[in-house]
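Everything below concerns the one structure shown next.
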Amino acid sequence: MRPLTEEETRVMFEKIAKYIGENLQLLVDRPDGTYCFRLHNDRVYYVSEKILKLAANISGDKLMSLGTCFGKFTKTHKFRLHITALDYLAPYAKYKVWIKPGAEQSFLYGNHVLKSGLGRITENTSQYQGVVVYSMADIPLGFGVAAKSTQDCRKVDPMAIVVFHQADIGEYVRHEETLT
Amino acid sequence: MKSNKETKRLFVGGLGWNISEGDLQNQFNRFGEVSDVEIITRKDDQGNPQKVFAYVNIRIAEADLKKCMSVLNKTKWKGGTLQIQLAKESFLHRLAQEREEAKAAKEKPTTGNTSLLEKMGVVDFHVKAVPGTEVPGHKNWVVSKFGRVLPVLHLKNQHKRKIIKYDPSKYCHNLKKIGEDFTNATPISSLTWELEGGNDPMSKKRRGEFSDFHSPPKKTIKVRKNEGSTASPAMRPKPSRIMESPWLKQQAAQKTPDSAITPKSSCASDSESQKVQNVFFQTSGLETTKNRNSMSDDDIDSEDELRLMITREENLKKSTWSSMNKSESDPFEVVRDDFKSDSQQFHTSTGLGIKNSVSCLDSEDNVMENDYDSDSGDTDEIIAVNKNAGKLKNSIEVSQMEKSIHRKTSLKKRKKCDLSDSIKERKRKNSVDIAVSHRVKPLSCKSLADSIDSEDADSASESTESEGDKEYNAMMKNCVHVNLTLADLEQLASSNQEAPKEDTDCSGQETTAKSDRASKSRRTVGDLHKGQQCINPEEIVASLLEGKEDTRGKQKPKENLKPKFQAFKGVGCLYGKESVKESLKESVASNNINKDHNSLKPEAPRSISMEKRSLYANGSSGELSSLQNAKANDSKEIQPQKKQFTFESQEHKVASPSSSEKRSRDPTSSLLPLKDKKSLSLAARTPRRGFDEDCCHRTGKSGDDSENRPNLSSHKAPEKSEVSRRHAQENKTDFPLSVNSSSDINAKEKQAEDNQKRLAALEARQKAKEMQKKLVHNALANLDGHPEDKPTHIIFGSNSESETEESCTQEQSQPGEEPVKEFVGRASGKLFDSSDDEESGSEDDSNRFRIKPQFEGRAGQKLMDLQSHFGTDDRFRMDSRFLESDSEEEQEEINETKTAEEEEIAAEKLKALNIVQSVLHINVSNSTSKGSVAAKKFKDIIRYDPTRHEHATYERKKEEKPKERKAKRKKKREEAEKLPEVSKEMYYNVAADLKQIFQTAKDTSEKRNNMPWNEDSNGEKAEEAQDLAALMTEDEQPGGFTFSFFDSEAKDVKEETYRVETVKPGKIAWQGDPRFQDSSSEEEDVTEETDDKKPSPEEVSLPEKETTRFFFFSKNDERLHGSDLFWRGVGNNISRNAWEARINNLRMDCRKKHKDAKRRVKPK
C-alpha cells in the first residue's frame, strides 16, 4: 500500500475525468473529510483518512482491500475503472445515458448498448465521451463510452452501438473474484 | 364514309336477363358490322341474375355511332333500359395489337426514328411541350414539367374516400424520389473528421502529435546524416548547394559590414596573412562559401555539410525559412526534405523541451540536453574551423573546446596568456577569440530561445515569437560585432607601433562604431546572463526580473555615449541580482561567461593606455579625449562584472600599501587618464597581479565567491550606500589597471602560486575589511567636518569637466602628497560623479542583498510563486499586502496539520489537486486546501463564545427592547379590546352660561320651579350636568373614563372633550326683545306643557315672587301674559270631552258609512 506516484495519479485522474470532468476536484478535495488514493496490489483504493490509519496496522500481504476500489492499473500502466467506483462517480457524472428496461439486461450481461436500447442521453455528448449508464428508473448501472455523439445517435440505425460497455453492476456477480 | 368506319367496342348495359347474343347482333347491325358480342351476367348469391350487360364490337362510323347512341340509349328493350357507352378495347384485343406492333417493330428496325415513333403512336410534340398539354391521342397522358410525358394518375386517398387526380404537370417534384436527397447532404467540411479527445497523450498520439520524445531520435538522425554526408560525399548532389545559396546570401549580406571593416584592420595589421586568417575565421559564412567553391576536396565538403547543417539549425530561426521553402520546392532531393523536416522538428522539439522544462520547473534535463546539443554543435563547428585552418592551433583549440564544454574558466586563463604573449601568440588568441565568439553565437541563440520559451511559458506575454526572432537577429549581429571589436582592438594594439596620427584617425572613425558595438556587446552580455539563468530553472524568476532590466538597459545604450552608463547599470543590476539569488555553481558559471566576455575586452584598456601614452607625448586632442571617454566607459562596463574580484584585489591593495599610497591612488580612481594609473600601478603592480590571478582562480572555486558576497553585503548593509558606491567605483577604476598588469605579466606560473595567494588573500581581506571600516569612518568624519567640499559635486557632474579637473588634481597628486580633505572631497565628488544610474544601481545592489520582507518565510515563498506566475508585470507586483491573507491561511494550515501524517496527507492532497488542475486545465488553486477555504470563507466571522467576557460585546441587548415592545403591544391589544366598550354614562356639552344659570337655579329651586316651561326642561338638563360636574370634581382622573390609547393622550382628550369650565356668566345677558317670541318652539312643546303643568301647581305655590331673570324670560314676565289667548286654561277638560265625543261620533259615522258601503257592495 502506497500513495500513487505523480504519473499514476495523472493517468488515473485523466481516466476519471472522462466521466466526471471537473467534479474530480470534489473527489479529491472533499468537504466531509480527507480522502486519498492508495495503491495496493495494482489497485487504486479511495480511502478516507480514518480507514487509512486503521489499515496501516495490517501488513501489506495480508491486506485484501481497503476503502473503495476505483480500478486497477494494467500491466501497461493504463488505468481500468472498476464498477466499484460507480457509487462515487455516478453522482458527479456529467454525461449520462439511460437505457430502456428491455436493454438493461443486455447491458448488465456485459454487452454494448444499441440504439434500440437507448432511452435517453445527455445532450452534447461527444463521441468517446465517458458516460455513466442509468436505467430508466435512474439507477446507475455502469460505465460506458459513447460510441456516437448525441447528434449521430439520432441518425444512426437502431442496431448500431451507441455506448460501449466499460463496466456494469453485473460484474459484481460475474467477476466476483476479481472485484475487491 | 366507309373510310371513317372504325372498330369500336360498345358497352351496352341494362339488358334483360333473357337476352341473347343474336338479339344484340340484330339490334346493332342496323348501324354497323357487329363482329363480336359478349354478354356478361352478374348474379347474386342465389344465382339470380341481377345485372346483364354486353360488350359489342362493332365496326361503325362516327355518325352512325352517334345515331346509334341517340336512338338506342335509354330505350326499353326486352325488359331493360339500354345504356350504351363507348367501352375500352378488350384486353385480349389490345394484347394482340401490341404484339403485332412489337412484331412490326422487329421487322422494321432499320426504319428511321421518326417512323418508329410514328408507328408506336408517339407524336412528336417537342414544339408544343408546354407543361400541362395533353398528349394528343392519349387520354390522361400529360406533358409534365421537365418535359416528360407522364400519365395522369387517379389515386385513392388514404384518409378520405376520395379519388385524387394526380396531374403530373401540376407537380414538379415528381422526380424527387429518383434523385438524391440533397437537402440532407453533409457539408464537405464534415466529411473529414477528427478524433475528438482531450490533450491526453493517447489522443495526441492518435492525432499524430508527438511532443516530448523527439529530441533523442532527432539527434540520432542528425548523426546519421552527418555520417552519411561524410561517408558518401558523392551522394551530395548540387541541389544542396542551390538550396544553400539563399541563406548564404543572407549571411553574406549580414557579414558585409564585417568584410567592409575587416579590410581596414588587415591593412593596418602587421602581418597580412594572419589577418586574412582572422577574417577567414570571423566570417564563417563566407568561409563556407569558399569551401564550397572547392568541391573537389571530399573532407572539406563533408565538413561543409556538417557545418552547414549546424549553421542551418542556428539560422533557421534567423532566416525567414526561405531556404527551407527552397529545399522543399526542390523535387530531386529526398534526403534534403527529410533533413529539413528533421531540422524543423529539432527546432520545434527543442522549443517544446524548453517550454516543458520551464513549466515543470523540474526537468533541467531537457534544458541540459539542449545545452549539450548546441554545445556539441559548437564543438563541431570549432573542429571544422580548426580543420579548415589546418594549422598547429588545432591541438590548442581542441583542448579549448573541451574545456568550453566543461566550463570556460581555463579558457580565460589561456586567453590571458595569449594576451600577454607576443604577436604570434596574439594571432592564436584571435583565433581563440573567434572561437569564443562563435561559441557565443550559438550560446546566444540558445539563450534567446530559452528566454523566449521561458517567457512564453510564464505567460508574461512580453515578447512574442516574432520579437524573439528579431532579437535573435540582433543577437547574431551583435556577436558579429563582438568579433569586429576584437579585430579593431587588435588593430589598435598593432597600430600603436605606427604613427599616432594615424591612430587618431582610425580611432576617430572607430569610436562611433565601437560605441555602438560596445553597447551591443554589452547587450550580448546581458543576454548571456539571461540565457544562463534560464538554463537554470531555479533562477527563472530572477531571470525574468533581470530580463526586464536587461531590456531597459538595452534600449538606452543605443542613444548616445552617456546612456552607456545606464547600460552598465543594467548589467550591474543583473550582476547584483545574480549574486543575491544564484546558487554558487550557477554563479560560477555565469561569472565564467562574464569572464569570457571580459576576456574579449581586456585588450581595449591596454591598447587605449598605450595610445594614451603616445598621445600624451604628442598632446591630447579633443577627439582623443572623447575616445578615452568611450574607452573608459567600455572598461567600466566590464568592471562591474568583475566587481567582486577586483574588490578583493583592491582590499589587498589597501591592506598592503600604506595609506598615503591609497590616497594617491584614489585620485586615479576618479576617471583620470589611465596614464597616471599606469604610473601608480607600476608601483603596486606585483601585489595586484597576484590578486588578479587569485580572482581568476577563485572564480574557478565557488566557495570563495560565496565568501566574497557575504562580505560585500555585510559591508554594504551597515555602511552608507555612498561609501559602498565609492568603493565600487574604486574597484572599477582599479580593474583595468589590474587587468593590464595581469595581461602584461606572463601567467604561466599562476597555478602554482594560486593556493598560497589565496590563503594570503583571505588574511588580507580580513585586514582590508578593518581598513575599510577605518577608511569609511575617516571619510565620513571628514565629510561631516568639511561640508564646503560638497560643491565639487557639481564640478564632477559631467565627464569632460571632471577630466579637466582631475588633470589638475593629478598634477597635485603627482608630487605625491595630497591633503586628506581633498581626497575626501574627491571621493564625495566621485560619488556624485558616478551617474545617477550607477547610484541607483548600487542602491539596488545593496537592497537586493537583503531578502525583501514580503518574500520571507513560507508565506514569502508563496508570494514568490505568485509573483513568478505573474512574471515581471508591474501591475501584479506582489506586496506585503498580499501577504497578510496568505499568512493567516498559513497559520491556520499549520494549526490544522499538526501531526506529520496529516501533513503528509495534506501534501498528497495538494499534489493530487495540482495534478487535477493540470489534467482538467482549470484553475483549482482557489481551493488548495479545505482549511484555507474555510479560512477564506469565515475569516471575518468570529466564533461566539459565551464564556468569554470579551464576547459580551457581541451579545445583542435584546431583552429590554423586546420587552418594551411586548408591553406596548399588550397595551395596544388591551386598548384595542377596550375600545368597543363605552361607558354607559352620558356626557353633555354644556354651554358655560347655561351652567352658571343652573348653578344659581340650584340655589333657588323655587325660582326654577317658577321658570317657564322651556326653562324647566333646560333646568333638568342642567341638574344632570351639575351631577356630572360634581362627579368630576370628586375624582379628577377616573380610570373608567379613559378609553384613549395612551395615557398622555387620554388626558388631553379628556380635557378637551369633557372639560367643564366655570365661566362667569355674563351679567348682562342677551336682552331679547320682549315682543319677540319664538312661536314655533312654543307650539312644539304644547304637549309637554301639559305634563309640566301638573307639577307646576305645587311649585307655583312657592312664595318666591322674585323676578329672577332666566334665560329669555324673567319670572312673571309680562310678555308671557299675552299667551293666555292661546292657552285655554281650566276649560280644557270640557273641550276635551267635547272633542272626544265628537271623535266618537265621527268614528261611528265613519264605521257606519263603511258598513253601508260594504252592504252595498255585497248585494252586487
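First the proteins, then the strands, lettered A, B, ... as listed; each starts at 1.
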Would you compute the distance between atom [atom1] of [X] and atom [atom2] of [Y] and round it to the nearest 0.5 angstrom?
{"X": "A:R38", "Y": "B:E908", "atom1": "CZ", "atom2": "CD", "answer": "4.0 Å"}
{"X": "A:C36", "Y": "B:E904", "atom1": "SG", "atom2": "CD", "answer": "10.5 Å"}
{"X": "A:D29", "Y": "B:L910", "atom1": "CG", "atom2": "CG", "answer": "9.0 Å"}
{"X": "A:L4", "Y": "B:K911", "atom1": "CG", "atom2": "NZ", "answer": "9.0 Å"}

Inset, instruction - Could you check which of A:Y35, A:F13, A:F37 has the highest count of heavy-atom pairs closer than 4.5 Å to chain B? - result: A:F13
Inset, instruction - Run through A:E7, A:R10, A:E8 and flag the one making a side chain to side chain contact (heavy atoms under 4.5 Å, CB included) with B:I915. - result: A:R10
Legend entry - A:L24, A:L27, A:L26 screened by side chain to side chain contact (heavy atoms under 4.5 Å, CB included) with B:V916, the one that passes: A:L24
Check whether more than 12 heavy atoms from other residues, nucleotides or ligands sit under 6.0 Å from atom [atom1] of [X], and answer yes or no.
{"X": "A:R80", "atom1": "CZ", "result": "no"}
{"X": "A:K72", "atom1": "NZ", "result": "no"}
{"X": "A:Y109", "atom1": "OH", "result": "no"}
{"X": "A:R154", "atom1": "CZ", "result": "no"}

Inset, instruction - Could you pull out the closest heavy-atom pair between B:K909 and A:T34, with the gap in Å? - result: CD-CG2, 4.3 Å
